[in-house]
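Data first, discussion second: the structure below is written as structure tokens.
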Amino acid sequence: MKPPVWRLERSVYPHFVRIQTRYRDEDRLHHINNIAIAEYYDEARSVFTREMFAQAGVSERTRIVTADSRVTYLAEVFHMQPVEIATGILRIGGSSYEIGQALFVGDSCKGVCATVFVHAEKTGATPMPAQLRAALETMRIRVPQPA
């Protein structure tokens, strides 16, 4: 399924993490394998989440669990090409939020990822702390308005 065109634009994302591809991520076809690309998104989400928790002043022990993650591969990525993972917030709910990401080599978008996280205690989903919600609001993806 193709993502909306605006998801492929660098300008809509507020946060970027540069990741150097690794030789060990290359497969027999000489491109970066799908699992490694999923790891790149995960690494960028980790950096993003730590920064959001610090901005919100909430403990890194705040329990956020992954409910869903979808990666869409749009083009091959090759070793020795550094990539940038762009990240922002697509949606904020009562106890959950969705992170949208795109993988760029230069200005070319090679794929997108969407991951839903849930704030949860041992008993199940619980409302997010207000300060975390406020921090996430500052990192919303800027969806272009139709002309």
What distance separates [X] [atom1] from [Y] [atom2], expressed to the nearest 0.5 Å?
X: Met128; Y: Gln131; atom1: CE; atom2: CD; value: 11.0 Å
X: Lys110; Y: His31; atom1: NZ; atom2: NE2; value: 12.0 Å
X: Thr115; Y: Leu90; atom1: OG1; atom2: CG; value: 9.5 Å
X: Ser46; Y: Glu39; atom1: OG; atom2: CD; value: 12.5 Å
X: Leu136; Y: Glu98; atom1: CG; atom2: CD; value: 12.5 Å
X: His15; Y: Thr138; atom1: NE2; atom2: OG1; value: 10.0 Å

### Task
Please examine the side chains of Val116 and Arg91, heavy atoms only from C-beta on, and report whether any two atoms are closer than 4.5 Å.
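Result yes, sub-4.5 Å side-chain heavy-atom pair found.
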### Query
How about Glu9 and Cys109: do any of their side-chain heavy atoms sit closer than 4.5 Å?
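Result no, sub-4.5 Å side-chain heavy-atom pair not found.
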Do the side chains of [X] and [Y] join up, straight or via other hydrophobic residues, at under 4.5 Å, putting them in one cluster?
X: Phe48; Y: Phe16; value: no
X: Val118; Y: Ile99; value: no
X: Val58; Y: Met139; value: yes

### Query
Quick check: does any side chain N or O of Arg22 sit under 3.5 Å from a backbone N or O of Ala36, one acting as donor and the other as acceptor?
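Side chain of Arg22 to backbone of Ala36: no pair is present.
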### Query
Under 3.5 Å, is there a donor-acceptor pair between the side chain of Arg133 and the main chain of Gly93?
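Looks like yes, one N/O pair under 3.5 Å.
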### Message
Other residues, nucleotides and ligands only: do more than 12 of their heavy atoms fall within 6.0 Å of CG on Leu29?
### Response
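Yes.
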### Task
Dump the intermediate steps for side-chain hydrogen bond (donor to acceptor under 3.5 Å, both in side chains) on Thr21 and Glu26, then the final yes or no.
CA-CA 9 Å; Thr21 59; Glu26 197 175 84; over 6 Å; no
### Message
Could you walk me through whether Thr87 and Arg45 satisfy the side-chain hydrogen bond (donor to acceptor under 3.5 Å, both in side chains) test, starting with their C-alpha distance in whole Å, then the side-chain angles of each, then the deciding distance to 0.1 Å, before giving a yes or no?
### Response
CA-CA 7 Å; Thr87 304; Arg45 278 193 306 272; over 6 Å; no
### Query
Can you name the nearest heavy-atom pair linking Gln55 to Ala135, along with the distance?
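Looking at all heavy atoms of both residues, the shortest contact is NE2-CA, 3.8 Å.
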### Heavy-atom closest pair, residues Ile35 and Asn33
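Taking every non-hydrogen atom into account, N-OD1, 3.0 Å.
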#### Entry: Residues that, via side-chain heavy atoms closer than 4.5 angstrom, fall in one hydrophobic cluster with Ile37
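ILVMFWY cluster around Ile37 also holds Val17, Ile19, Ile32, Tyr40, Tyr41, Val47, Val71, Tyr73, Val77, Val83, Ile85, Leu103, Val105.
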### Query
Can you check side-chain contact (heavy atoms from CB on, under 4.5 Å) on Val112 and Leu8, steps first, answer last?
CA-CA 8 Å; Val112 296; Leu8 312 180; 4.0 Å; yes
### Residue list, side chain to side chain donor-acceptor pair (under 3.5 Å) with Arg7, at least two apart or on another chain
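With sequence neighbours excluded, Arg7 shows a side chain to side chain donor-acceptor pair (under 3.5 Å) to Tyr13, given in chain and number order.
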### Task
With sequence neighbours excluded, give me every ring pair (Phe, Tyr, Trp, His ring centres under 6.0 Å) pair touching residues 104-132.
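Found Tyr97-Phe117.
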### Message
Determine whether Cys113 and Thr72 satisfy the following criterion, side-chain contact (heavy atoms from CB on, under 4.5 Å), listing intermediate values before the conclusion.
### Response
CA-CA 6 Å; Cys113 180; Thr72 302; over 6 Å; no
### Task
For side-chain contact (heavy atoms from CB on, under 4.5 Å), just list the numbers for His30 and His79, CA-CA rounded to whole Å, side-chain angles, deciding distance to a tenth of an Å, and then say yes or no.
CA-CA 8 Å; His30 302 288; His79 177 53; over 6 Å; no
